[in-house]
Amino acid sequence: MPPPPPPSPTAAAPTTPAPPSKPPLCPRQIAALVLNHPSSTLTAASARSLSASLLAAAPAHSLPIPAPVANAVLKLLWHHAPRALLFFHALLRLPPGTRELSPCTADLALDLAARLRHPRQLTSSVLALFPRHGLAFTPRTFPILFERFAVSQRRPDLAVRLFLSLHRSHGVAQDLPLFNSLLDALVKSRHAGKAASLVRALERRFPPDAVTYNTLADGWCRVKDTSRALDILRQMVESGIAPTKATYNIILKGFFRSGQLQHAWDFFLQMKNRCITDENCKPDVVSYTTVLHGLGVSGQLDKARKVFDEMTKEGCVPSTATYNALIQVICKKGNVEDAVSVFDDMIEKGYVPNVVTYTVLIRGLCHARKIDRAMKLLERMKSQGCEPNVQTYNVLIRYSFEEGEIEKSLGLFERMSKGMECLPNQDTYNIIISAMFVRKRAEDMAVAARMVVDMVDRGYLPRRFMFNRVLNGLMLTGNQELSRELLRMQEKYARLRREIRL
DNA sequence: ATAGGGTTAG
């Protein structure tokens with residue numbers, strides 16, 4: 001066989017593209033390439049050098065990088081926000097035609113930038129990329145920012161200010177759905193009062209709809225003020241806006257959340273009685289799941305199981321979430337083996353357990369000190385094609401430590417990021433760092449210090465308490481080298497925050 | 001198309 005002629009860049013006929021001899025770069029490969037890139041510092045220079053590496057890897061594979069691949073890479077790097085953003089900026093620097101840029105990709109990058117609590121200018125610089133690259137804002141763009149400002153950065157005022165300046169600063173029309181998303185961000189950050197007064201102040205411009213009222217009711221429920229939530233229900237009826245199923249379910253959940261079990265049960269009974277005249281308050285699968293979960297958490301397992309049987313009789317089909325709730329409460333208040341039989345039951349009935357189902361049961365097994373079986377379940381979920389997430393791993397890591405299996409949990413930590421399954425998050429680091437204090441060994445202190453350096457590299461700010469604890473540990477064990485490194489890192493980090501420019 | 005149920009700490 002003669003060797004095929006070398007491909008000529010000009011001769012390739014566009015109508016008959018040669019089939020690629022190499023598979024395209026897959027998200028995992030790209031993510032690994034980004035992770036191994038020497039610099040994680042977010043600057044224009046490092047973004048250029050990363051895009052050069054991406055191009056260099058390309059001949060062995062095929063370009064371009066389609067938008068779904070770019071999105072998948074950002075999600076794989078979700079818990080390593082600085083690297084994810086570095087990838088995004090490298091993507092922008094790739095020559096046109098070698099990458100696809102979709103507004104959704106930009107939304108993901110924006111979410112990541114806004115999640116890093118400090119550099120506000122980073123968020124605005126990512127926001128500025130939309131017009132610069134001809135990308136339209138999506139319906140999610142500003143809701144993402146409202147939530148990140150209010151919830152992650154604890155700055156509800158910034159969210160409100162952004163909303164009020166939308167038209168002036170970004171040429172975006174302020175409509176009711178956008179207003180409702182702002183309210184949602186406020187109530188999720190426990191600012192129900194702010195949300196309520198905003199609705200009052202702007203009620204002429206934004207006449208409340210059912211979503212507005214439901215969001216406010218949820219806001220009061222989240223701060224355990226169920227009587228104000230009921231007020232909202234009354235206001236709805238007075239202003240002629242029919243309560244929806246969500247309205248009732250929000251209040252039902254609110255009663256359980258605030259520990260008013262009797263009120264919750266009475267409200268549930270009322271829903272069942274009144275539904276003859278008002279179809280909207282007929283309990284649905286969400287209502288049943290809420291009640292089942294609420295009863296179970298308060299220790300009334302038998303009553304919870306009765307509710308489960310009752311819903312089936314009423315013709316309301318349990319969802320995977322219903323099973324997850326049942327399995328969780330049995331694990332918490334009952335016997336894990338019963339939870340395992342519910343799990344077997346659901347599979348027999350044809351349900352596909354999801355990552356929540358597995359995580360809940362793994363936690364239950366760990367709690368009953370059956371870690372080996374929990375580990376087997378981890379393998380089983382993977383073989384079933386259900387990807388464990390960082391919470392799944394965190395449970396196993398935490399309980400392995402509690403059982404004194406320190407090496408085993410460090411092994412799990414290595415394993416999770418090696419296979420690019422999921423990257424550790426802030427909880428993971430906190431679990432490991434606190435565990436490094438139990439043996440009172442100098443080596444463990446050194447590991448803790450490296451973990452602190454790592455987490456800062458990934459865009460997580462350790463609590464000052466944690467930072468000082470590690471620093472004290474290093475000094476007590478006479479590790480001056482690492483304590484100096486930690487202090488240098490702290491300085492460097494403060495400088496980085498000021499310097500990020502793209 | 002924005003709102004409601006299931007993973008968080010004894």
Side-chain angles (χ1 to χ4, degrees), chain A residues 138-144 146-147 163 174-188 195 206 208-219 221-222 229 232-233 236 241 243-254 256-257 264 268 271 280-281 283-297 304 307-308 311 316 318-332 339 342-343 346 351 353-364 366-367 381 386 388-396 398-399 402 425-428 430-431 434:
Chain A
T138 76
R140 289 297 308 150
T141 307
F142 291 102
I144 288 170
F146 296 153
E147 181 156 346
F163 176 80
Q174 292 132 318
D175 58 5
L176 190 55
L178 221 41
F179 181 60
N180 286 339
S181 75
L182 171 68
L183 297 175
D184 188 57
L186 293 178
V187 306
K188 292 218 160 86
F206 301 106
D209 66 356
V211 177
T212 315
Y213 284 116
N214 288 351
T215 307
L216 287 182
D218 189 40
C221 287
R222 278 170 193 268
I232 300 284
L233 178 59
M236 280 180 92
I241 290 179
T244 65
K245 282 195 185 301
T247 319
Y248 296 107
N249 288 336
I250 285 165
I251 294 174
L252 188 58
K253 167 93 183 163
F256 279 114
R257 193 162 18 199
F268 180 53
M271 287 170 72
N280 267 348
C281 66
D284 64 359
V285 58
V286 178
S287 330
Y288 279 108
T289 306
T290 305
V291 171
L292 183 159
H293 187 249
L295 288 172
V297 165
V307 168
F308 185 82
M311 71 184 286
C316 180
S319 65
T320 304
T322 315
Y323 274 100
N324 294 349
L326 186 59
I327 291 172
Q328 195 221 134
V329 296
I330 295 177
C331 285
K332 248 190 183 142
V342 172
F343 178 77
M346 75 181 279
Y351 286 84
N354 61 21
V355 58
V356 179
T357 322
Y358 282 108
T359 305
V360 165
L361 195 51
I362 285 174
R363 178 176 296 115
C366 286
H367 191 73
M381 75 185 280
C386 181
N389 62 22
V390 65
Q391 276 108 322
T392 319
Y393 274 104
N394 285 352
V395 168
L396 284 163
R398 168 177 282 128
Y399 281 98
E402 274 182 21
N425 66 6
Q426 183 150 24
D427 290 336
T428 322
N430 286 334
I431 295 165
S434 344

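We name chains A, B, ... by the order of the sequence lines, and we start the count at 1 in each one.
A straight line from CG of A:Leu176 to P of B:dA3 spans 12 Å, rounded to a whole angstrom. Rounded to whole Å, the distance from CZ on A:Phe179 to P on B:dA3 is 15 Å. We find that CG of A:Leu178 is positioned 15 Å from C1' of B:dA3, with the value rounded to whole Å. Whole-Å rounding puts the A:Asp284 CG to B:dA3 P distance at 17 Å. Summarising the geometry, the separation between NZ on A:Lys188 and P on B:dA3 is reported as 6 Å, rounded to the nearest angstrom. Following rounding to the nearest Å, A:Phe146 (CZ) and B:dA3 (C1') show an atom-to-atom distance of 16 Å. Atom pair A:Asn214:CG and B:dA1:P shows a separation of 17 Å (rounding to whole Å applied). When rounded to the nearest whole Å, the span between CG of A:Asp218 and P of B:dT2 equals 16 Å.
When distances run from any side-chain atom of A:Pro177 to the nucleotides B:dG5, B:dA1, B:dT7, the shortest one goes to B:dA1. Which of B:dT2, B:dG5, B:dG4 sits closest to the side chain of A:Asp209 comes down to B:dT2. Distance from the side chain of A:Thr322 is smallest to B:dG5 among B:dA1, B:dG4, B:dG5. Candidate nucleotides B:dA3, B:dT7, B:dG4 were compared by shortest atom distance to the side chain of A:Thr244, and B:dA3 ranks first. Among B:dT7, B:dT2, B:dG5, the nucleotide with an atom closest to any side-chain atom of A:Thr289 is B:dG5. Comparing B:dT7, B:dG10, B:dA3 by their closest approach to the side chain of A:Ala246 singles out B:dA3. Nearest nucleotide to the A:Asn354 side chain, out of B:dT7, B:dT2, B:dG6: B:dG6.
Residue contacts for A:Thr359: at a heavy-atom cut-off of 4.0 Å it reaches a base atom on one of the strands shown. The residue A:Val360 sits close only to the backbone: its heavy atoms come under 4.0 Å of sugar-phosphate atoms, none of a base. Residue-level contact check: A:Val285 touches the bases, meaning some heavy atom is under 4.0 Å from a base atom. If you check every strand for non-hydrogen atoms under 4.0 Å, A:Asn389 touches a base. Counting non-hydrogen atoms under 4.0 angstrom, A:Asn394 reaches nothing in the nucleic acid.
Side-chain contact, A:Thr212 with A:Asp209: a donor N or O sits under 3.5 Å from an acceptor N or O. With 3.5 Å as the limit, one finds no donor-acceptor pair spanning the side chains of A:Ser287 and A:Thr290. Judged purely by distance below 3.5 Å, without hydrogens or angles, the side chains of A:Asp218 and A:Thr215 never pair a donor atom with an acceptor atom.
Between A:Phe179 and A:Phe206, the ring planes lie parallel to each other; the angle is under 30°, not in the 30° to 60° tilted range.
You'll find the side chain of A:Asn280 stays beyond 4.5 Å of the side chain of A:Pro243, heavy atoms only.
Proximity of A:Lys253 to the phosphate of B:dG6: a side-chain N or O atom is located under 4.0 Å from OP1 or OP2. Between A:His293 and B:dG4 there is no side-chain polar atom (N or O) within less than 4.0 angstrom of OP1 or OP2.
Contact of A:Ser319 with B:dG5 (side chain to base): a donor-acceptor pair of N or O atoms is detected under 3.5 Å. Side-chain to base pairing of A:Thr357 with B:dG6: no donor and acceptor N or O lie closer than 3.5 Å to each other.
Among the candidates A:Asn324, A:Thr322, A:Asn249, the single residue satisfying the side chain to side chain donor-acceptor pair (under 3.5 Å) test with A:Thr289 is A:Thr322.
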